[in-house]
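What follows is a set of notes on a single structure, which appears directly below.
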Amino acid sequence: MSMRPYIVGNWKMNGTRSLLSEARSIDRASARYPGVSVALAPPATLIAALREAVSVIGVGGQDCHAEAKGAFTGDIAAAQLKDAGADFVIVGHSERRAAHGESDAMVKAKAEAALECGLMVILCVGETLADRDGGQAEGIVARQVDGSLPQGEAAAAGVPERLSIAYEPVWAIGTGRVAAVEDVVAMHAVLRDRLVAAYGDAGNDVAILYGGSVNASNAAALLGAEGVGGALVGGASLTAEAFLPIVAAAGGEPVD
Ligand code: PGA
């Protein structure tokens with residue numbers, strides 16, 4: 001694989017317009033790392049403004065509905081995200097799987113809807129601490145990804161260029177506990193196998209990101225690990241000061 005590392009910030013339910021200044025700083029500095037693909041997923045309320053504010057980085061949503069339109073109060077369709085200026089969407093984040101009861105089948109339908117309307121997709125999977133302590137992590141994550149991967153025409157058109165997988169152990173998200181590099185490498189290999197089983201050779205070129213307490217101090221080790229194609233970053237993506245060292249860790253020497 002020779003794709004650019006993909007460093008994505010997930011702002012979750014953080015930020016109002018005043019946080020756009022951080023996005024501008026991230027955008028300006030990212031221009032100096034042409035070897036890295038950088039993106040931010042702000043709350044939906046900021047997508048259009050962020051799109052206006054930046055010129056280099058990608059802009060994405062944090063979730064979408066699987067249906068194209070209709071009576072779904074409070075939900076947002078993939079085409080509406082696109083219309084607001086998004087070029088990708090995160091689906092299946094563990095916070096949505098846990099707090100909104102999203103099943104693998106729902107995540108799959110969302111991923112298919114997003115690909116169909118031309119968005120790129122970051123599909124999240126990851127085990128709980130109980131799964132890991134019980135020695136079940138790899139089996140659980142393999143089943144999750146098998147059940148969540150987009151199929152059919154949408155997938156055929158979008159894989160591998162428009163699909164990424166984010167491996168995010170639930171116990172590592174927002175906790176400051178980061179997975180051991182050897183466990184990340186092992187899980188990325190499991191995911192690669194499942195991607196190839198689903199998509200054949202094209203599965204080799206789907207980027208697999210790591211997420212869960214990535215920060216300036218651990219980014220180089222995680223991004224340098226075999227099979228890790230980038231990072232999905234929560235807390236450390238909210239300021240340029242915290243986020244840019246992660247971009248730098250992915251991109252080597254900056255250009256002037
Ligand atoms: P974190 O979040 O970096 O704050 O652990 C990662 C994520 O949820 O994507």
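Start at 1 and go down the list; that is how both ligands and their atoms are numbered. Because the structure is a prediction, the values reported are computed rather than measured.
For ligand 1, none of its N or O atoms has an N or O atom of G212 under 3.5 Å away. In terms of polar-atom proximity, defined here as any N/O pair under 3.5 Å, T175 makes no such contact with ligand 1. At least one N or O atom of E168, backbone or side chain, sits closer than 3.5 Å to an N or O atom of ligand 1.
The backbone N or O of G176 lies less than 3.5 Å from a partner atom in the side chain of S213, making a donor-acceptor pair. A donor-acceptor pair is defined here as one N or O able to donate and one able to accept, closer than 3.5 Å; such a pair exists between the side chain of W11 and the backbone of S237. Between the side chain of D133 and the main chain of A130, no donor-acceptor pair closer than 3.5 Å is present.
Under the 4.0 angstrom criterion for non-hydrogen atoms, A236 is not in contact with ligand 1. The shortest heavy-atom distance from A172 to ligand 1 is under 4.0 Å.
For the salt bridge (Lys or Arg N to Asp or Glu O under 4.0 Å) test, no residue two or more places apart in sequence or in another chain qualifies with E22.
Between R143 and D104 no salt bridge is recorded (no basic side-chain N to carboxylate O distance below 4.0 Å). Taking 4.0 Å as the cut-off between side-chain N and carboxylate O, D87 and R51 count as a salt-bridged pair.
Each of the following atoms of ligand 1 lies closer than 4.0 Å to a heavy atom of G235: 1 (P), 3 (O), 4 (O). Near S213, with a cut-off below 4.0 Å to any heavy atom, the atoms of ligand 1 are 1 (P), 3 (O), 5 (O). Against a heavy-atom cut-off of under 4.0 Å, H93 is close to the following atoms of ligand 1: 7 (C), 8 (O), 9 (O). Remark: ligand 1 atoms within the under-4.0 Å shell around heavy atoms of G174 are 1 (P), 4 (O), 5 (O). In the vicinity of N10, heavy-atom distances shorter than 4.0 Å reach the ligand 1 atoms 9 (O).
Counting only heavy atoms from C-beta outward, the side chains of D63 and H93 never approach each other to under 4.5 Å.
Counted by atom type alone, R97 and S148 present one or more donor-acceptor pairs between their side chains at under 3.5 Å.
Looking at atom 3 (O) of ligand 1, its nearest protein heavy atom turns out to be G234 N, 2.8 Å.
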